[in-house]
2 protein chains.
Amino acid sequence: MTTRDTILNLADHLIKDKGFNAFSFHDLSRTIGIKTASIHYHFPTKTDLVIAVIRQHIDRFAALKESLADKDPITKLRGFFSIYAQLKKENKVCLVGSLATDLHTVDERIQGELKTLAGQILDWVTDILQEGQEQGIFHFDVPVRTKAILIITNMMAIVQLSRLTGDDDFKLVKYTILEELQTTH
Amino acid sequence: MTTRDTILNLADHLIKDKGFNAFSFHDLSRTIGIKTASIHYHFPTKTDLVIAVIRQHIDRFAALKESLADKDPITKLRGFFSIYAQLKKENKVCLVGSLATDLHTVDERIQGELKTLAGQILDWVTDILQEGQEQGIFHFDVPVRTKAILIITNMMAIVQLSRLTGDDDFKLVKYTILEELQTTH
DNA sequence: GTCTATAGGGGGATAGAC
DNA sequence: GTCTATCCCCCTATAGAC
């Protein structure tokens, strides 16, 4: 792995573990074993680094969506949930939630990139739910975009809240959503 | 209002606006019009200040619960939602969400206090849902504590996510939850 | 690409005068 | 209770050698 990618992945980890304002070039430097000045060669500013982190998420998200394109809606939704399951396993929160709470402290370029990522997530979950509803697999009474927001907010916040109420609450939420979607009311 | 309370309320505002690691004694100093050294007279350390902020939330939450004790479950739930509606109005996020994302960067005493607040919130919403279900006003198929977690996570995260997807999404979520709870499936 | 050295600012906290 | 003065540390970022 290139040094650039090592920095990128570690920054990604740190933002989801500690938040934007708590992670420093020294954190990266110490762990990777290069000096902070060297990091600036790969990413001129902290803003540039965070933008690259978000873009990596956008790319990986698109790749996940693509890899599941011909699967059934349940498999797609499980694929979406696996992102958060991995976060929970590492006791991290999601990038969108982490940066959204810090939104008023970051560069406008970061805010713009984050809106792109959030829009992409919302669009994909909306598509999955739409497809499942049309196939008679998912059942819900509210507009599909609204249902997508409800599910995304459940995921976003349970990785945060379960840090306080108990780690098992993540699986509880995940399974409940999957069950509830497939139940005929 | 005492200087102590002024500091407390401003710190509360800043944590929900910018996050724990982004707000400084200088922010407080500049706005209030006293020097940073004077703030340490009222709160020896930043940790002490944040703990006082959380305790104020615990007290106000208990007061809200008490003031609605003899009301119907729908009124109680609307009262709970009004906390987040006020946050959304000011484009802030909730204290629990803000500090949960920064959890690994704060003192253990803060973590403990925050767990108390989260537990209190979960208990109250669980009680409200239980009462509504027993009265035949609310309808849901999952365990009552689970349903409480789903609703709380919707609220926690929609104040974050709607910073990115659009402020109107808050009301959408609020009304959808209230409608869905009262719908017979 | 990575280093040393350093600039320039901001952070929380304390001592002691008033 | 609030002030001035100060300490010491951490932060992002840059210049220039290697």
Side-chain angles (χ1 to χ4, degrees), chain A residues 1-55 98-99 101-111 113-114, chain B residues 1-55 98-99 101-111 113-114:
Chain A
M1 189 156 55
T2 65
T3 303
R4 192 194 137 92
D5 285 342
T6 306
I7 296 167
L8 209 49
N9 289 338
L10 185 54
D12 177 59
H13 160 78
L14 288 169
I15 294 170
K16 295 186 286 198
D17 182 55
K18 301 168 56 166
F20 172 81
N21 289 297
F23 100 91
S24 68
F25 279 71
H26 181 66
D27 290 333
L28 301 167
S29 165
R30 182 168 25 82
T31 307
I32 299 176
I34 65 175
K35 298 297 171 183
T36 61
S38 308
I39 298 171
H40 287 280
Y41 169 80
H42 300 278
F43 303 96
T45 69
K46 192 175 182 180
T47 292
D48 292 320
L49 173 54
V50 173
I51 287 174
V53 167
I54 301 172
R55 291 203 175 138
S98 178
L99 290 174
T101 62
D102 294 338
L103 199 71
H104 298 161
T105 74
V106 302
D107 191 284
E108 287 186 5
R109 290 186 294 146
I110 294 178
Q111 298 181 20
E113 212 67 37
L114 196 62
Chain B
M1 190 157 53
T2 64
T3 302
R4 191 193 138 91
D5 285 342
T6 305
I7 297 168
L8 209 49
N9 289 337
L10 185 54
D12 178 60
H13 161 78
L14 288 169
I15 294 171
K16 294 186 286 198
D17 182 56
K18 301 169 54 165
F20 172 81
N21 289 296
F23 100 91
S24 68
F25 279 69
H26 181 67
D27 289 333
L28 300 166
S29 164
R30 182 169 25 82
T31 307
I32 300 176
I34 64 175
K35 299 297 171 183
T36 60
S38 306
I39 298 171
H40 287 280
Y41 168 80
H42 300 278
F43 302 96
T45 69
K46 193 175 182 181
T47 293
D48 292 319
L49 173 54
V50 174
I51 287 175
V53 168
I54 301 173
R55 290 204 175 137
S98 178
L99 290 175
T101 62
D102 294 339
L103 200 70
H104 298 161
T105 74
V106 302
D107 191 284
E108 288 187 3
R109 289 186 294 146
I110 293 178
Q111 298 182 19
E113 212 67 38
L114 198 61

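Here is the naming used below: chain letters follow the sequence lines, and residue numbers restart at 1 for every chain.
- Not one side-chain nitrogen or oxygen of T36(A) sits closer than 4.0 Å to the OP1 or OP2 atom of dC11(D).
- Of the candidates dC11(D), dG11(C), dG1(C), dG1(C) carries the atom nearest the Y41(A) side chain, counting heavy atoms from C-beta on.
- In this structure, CG of D27(B) is placed 13 Å from C1' of dG12(C), rounded to the nearest angstrom.
- When side chains are defined from C-beta on, D12(B) does not count as touching L8(B), because their heavy atoms never get closer than 4.5 Å.
- Nucleotide dC10(D) holds its P atom 15 Å from the NZ atom of K46(A), rounded to whole Å.
- When distances are taken from the side chain of H42(B) to each of dA15(C), dT2(D), dA15(D), the shortest belongs to dT2(D).
- The separation between I39(A) atom CD1 and dC11(D) atom P is 11 Å, rounded to whole Å.
- F25(A) comes within 4.0 angstrom of sugar-phosphate atoms only, judged by non-hydrogen atoms across all strands, and of no base.
- Summarising the geometry, the separation between NE2 on H26(A) and P on dT4(C) is reported as 14 Å, rounded to the nearest angstrom.
- Closest to the I34(A) side chain, of the nucleotides dC3(C), dC11(D), dG11(C), is dC3(C).
- Between the side chain of D48(B) and the main chain of T45(B), a donor-acceptor pair closer than 3.5 Å is present.
- Of the candidates dT4(D), dT2(C), dT14(C), dT14(C) carries the atom nearest the H40(B) side chain, counting heavy atoms from C-beta on.
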Yes or no on ring-ring contact (aromatic ring centres under 6.0 Å, His included) for F23(B) and H13(B), after CA distance, side-chain angles and deciding distance?
CA-CA 10 Å; F23(B) 100 91; H13(B) 161 78; over 10 Å; no

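- Rounded to a whole Å, the CG atom of L49(A) is 14 Å from the P atom of dC11(D).
- T31(A) places no side-chain N or O within 3.5 Å of a backbone atom of L28(A) that could act as its donor or acceptor partner.
- In terms of modelled atom types and a separation under 3.5 Å, the side chain of T36(B) and the main chain of S29(B) share no donor-acceptor contact.
- Across all strands shown, F23(A) has heavy atoms under 4.0 Å from sugar-phosphate atoms exclusively, and none from any base.
- You'll find that the side chain of K35(A) is closest to dC3(C), out of dC3(C), dA13(D), dA5(D).
- Atom CZ of R30(B) and atom C1' of dT2(D) are 19 Å apart (whole Å).
- A sub-4.0 Å separation between OP1 or OP2 of dC11(D) and a side-chain N or O of S24(A) is present.
- Note: NZ (K18(A)) to C1' (dC10(D)) measures 12 Å, nearest angstrom.
- Looking at the side chain of S38(A), the nearest of the listed nucleotides dC3(C), dT12(D), dC3(D) is dC3(C).
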